There are 2 protein chains.
Amino acid sequence: MLEGAARVIARRGVRGLRVAELAAEAGVSTALVYYHFKDRPGILRHALAFIGDRADRYTALAEGFPPADPADPRELLERTMLLEFQDLPEVRENSTAWGELRAHSVFDPELREELAQAGTAWVAEVAELLAAASPAAPGPAVGAAAERLTALLEGLSVRWLSGLLPLWHARELMREGVRAEIDLLGQGSSSHTHAFD
Amino acid sequence: MLEGAARVIARRGVRGLRVAELAAEAGVSTALVYYHFKDRPGILRHALAFIGDRADRYTALAEGFPPADPADPRELLERTMLLEFQDLPEVRENSTAWGELRAHSVFDPELREELAQAGTAWVAEVAELLAAASPAAPGPAVGAAAERLTALLEGLSVRWLSGLLPLWHARELMREGVRAEIDLLGQGSSSHTHAFD
DNA sequence: GTCTATAATACGATAGAC
DNA sequence: GTCTATCGTATTATAGAC
């Protein structure tokens with residue numbers, strides 16, 4: 001039933017989700033949906049949690065996998081970021097639903113808390129990978145790079161999912177972005193501090 | 001009336017837009033709204049065009065303005081990108097509405113065409129500024145950098161608007177992003193070409 | 001062009017049987 | 001736990017007068 005909710009959100013968006021459609025998708029009555037989730041916001045809450053868990057699950061895949069496990073940390077980071085850009089139903093569905101929840105949170109303060117938590121954890125994870133790839137870099141610079149990379153990922157993801165950017169191109173831009181940030185971190189902490197504004 | 005539509009979209013989102021609310025906002029009856037825009041999709045179409053125009057108008061502001069007009073092209077680019085990150089009602093409203101239309105386009109193919117056009121123009125504009133800031137850089141590299149910077153802007157914008165990122169921080173990350181891409185372009189086109197994947 | 005109804009329907013939610 | 005039936009309301013859209 002939660003899978004059904006994720007599927008419907010990915011197909012219609014958060015506000016496009018109709019309880020009747022979700023019920024049909026899961027092959028049950030609307031009454032049963034309400035029995036389990038109480039009301040519409042309840043559906044959204046559970047779906048959000050489910051989608052978040054599922055994303056964690058396949059993010060964990062980047063570690064422990066085929067070519068070169070303990071290998072180059074830069075490649076591990078690159079692989080992790082590229083996990084979001086795959087034309088597999090589950091990934092596409094998850095990316096779409098997650099992006100929609102993110103976009104929706106602009107208008108729905110209730111969604112923000114859980115989203116903020118997940119978002120912070122995700123940025124921290126990227127920062128950790130980044131730090132491994134560039135051990136000499138100062139903490140704040142790594143944090144900023146992680147925020148930029150995750151924001152870039154989200155921007156590219158929307159373009160891919162709305163068909164504005166072909167998958168291969170999104171992947172290439174993401175890869176180059178990772179390299180750019182790592183280069184920048186490696187380049188050392190000279191000049192680039194500015195106090196104005 | 002179009003101002004009203006933009007305002008309501010910024011407040012409730014595309015799918016949260018209610019014809020009655022828009023009518024109230026503009027101080028007219030719902031019937032009059034339908035008289036002018038035909039139906040709900042019509043409202044969206046016109047609102048989208050209006051919001052796009054308004055964005056163009058204030059993007060043009062970055063050129064011809066106070067400190068140092070013919071100055072450093074890098075600073076011009078930086079200023080242009082930062083125009084989206086201002087806590088002024090009109091800017092916030094426009095950013096919110098535009099972001100929402102972008103997000104909504106994932107689910108609504110009809111919105112894509114006009115959105116794609118505006119998006120392409122915007123990327124091209126950034127590419128031009130980028131080329132001016134780094135004249136020696138090869139065209140494709142400049143194009144890629146422009147796509148990354150605009151995608152980064154969009155990702156940061158969503159985070160700012162949903163309260164996940166304070167304005168000053170979004171601005172700082174954007175500024176550093178611009179510098180990173182320009183540095184990268186300046187650094188020359190050595191190594192960074194990859195044929196795998 | 002602009003209004004006051006009002007029709008038509010879509011949608012969330014619940015009651016009550018099994 | 002699960003269903004069928006249905007209620008109440010919110011929302012889009014139109015008719016018809018001014």
Side-chain angles (χ1 to χ4, degrees), chain A residues 1-51 53 93 96-97 100-101 103-115, chain B residues 1-51 53 93 96-97 100-101 103-115:
Chain A
M1 199 136 120
L2 284 167
E3 288 86 346
R7 211 158 23 238
V8 175
I9 290 177
R11 191 163 54 233
R12 307 276 183 225
V14 169
R15 266 176 290 221
L17 181 148
R18 296 289 164 258
V19 181
E21 186 176 357
L22 162 53
E25 183 82 23
V28 301
S29 66
T30 65
L32 189 58
V33 174
Y34 285 105
Y35 174 80
H36 281 300
F37 299 127
K38 168 138 179 92
D39 55 12
R40 205 175 173 283
I43 297 170
L44 253 33
R45 268 203 318 284
H46 284 90
L48 171 56
F50 171 77
I51 292 165
D53 287 355
E93 191 181 297
T96 305
E100 169 67 359
L101 289 164
H104 188 76
S105 77
V106 173
F107 305 100
D108 181 359
E110 298 193 34
L111 233 59
R112 304 231 256 258
E113 194 187 350
E114 190 157 5
L115 208 57
Chain B
M1 199 135 121
L2 284 165
E3 287 88 347
R7 213 160 18 241
V8 175
I9 291 178
R11 191 161 55 232
R12 309 274 184 228
V14 168
R15 263 175 291 221
L17 181 148
R18 295 290 165 257
V19 181
E21 186 177 356
L22 162 52
E25 184 82 23
V28 299
S29 68
T30 65
L32 189 58
V33 174
Y34 284 105
Y35 174 79
H36 281 302
F37 299 128
K38 165 134 182 98
D39 56 12
R40 206 175 175 284
I43 296 171
L44 254 34
R45 268 203 320 282
H46 284 90
L48 170 56
F50 172 77
I51 292 164
D53 287 354
E93 190 183 298
T96 306
E100 168 69 359
L101 289 164
H104 187 76
S105 78
V106 172
F107 306 100
D108 180 359
E110 298 192 34
L111 234 58
R112 302 230 256 258
E113 193 187 350
E114 191 157 4
L115 209 58

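Naming convention: chains lettered A, B, ... in sequence-line order (proteins, then strands); numbering from 1 in each chain. Note that this is a predicted model, so its numbers are computed, not measured.
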* Can you tell me how far C1' of C/dG12 sits from CZ of A/R40, to the nearest Å? -> 9 Å
* In whole angstrom, give the distance that lies between atom OH of A/Y34 and atom C1' of D/dC7. => 13 Å
* Can you tell me if the side-chain N/O atoms of B/R18 get under 4.0 Å from OP1 or OP2 in D/dT12? -> yes
* **Taking every non-hydrogen atom, the tightest pair across A/V33 and A/V28** => CG2-CG2, 4.1 Å
* Length of the line joining A/L44:CG and C/dA13:P, which is rounded to integer Å -> 11 Å
* Rounding to a whole Å, what distance do you find between B/F37:CZ and D/dA13:P? -> 14 Å
* Of the options A/L48, A/D108, A/I9, which is the one that meets A/V14 in a side-chain contact (heavy atoms from CB on, under 4.5 Å)? -> A/I9
* CZ of A/R15 versus C1' of C/dG12: gap in Å, rounded? -> 17 Å
* To do: Describe the nucleic acid contact of A/L17 in one word from base, sugar-phosphate, nothing, applying a heavy-atom distance below 4.0 Å.
  => sugar-phosphate
Tabulate protein N/O versus nucleotide N/O from nucleotides 1-5 of chain D, keeping only pairs under 3.5 Å, one per line.
from, atom 1, to, atom 2, distance (Å)
D/dT2, OP2, A/H36, NE2, 3.4
D/dC3, OP2, A/S29, N, 2.9
D/dC3, OP2, A/S29, OG, 3.0

* Structure fact -> Heavy-atom closest pair (A/I51 atom, A/A6 atom, distance to 0.1 Å) is CG1-CB, 4.0 Å
* Asked: A/R40 side chain to A/L17 main-chain N or O, any donor-acceptor pair under 3.5 Å?
  -> yes
* To do: Determine the minimum heavy-atom distance between B/S105 and B/R112, stating which atoms define it.
  => O-NH1, 2.7 Å
* Between A/L22 (CG) and C/dC11 (P), how many Å, whole number? -> 14 Å
* **Ion pair B/E25/B/R12, N-O distance below 4.0 Å** => no
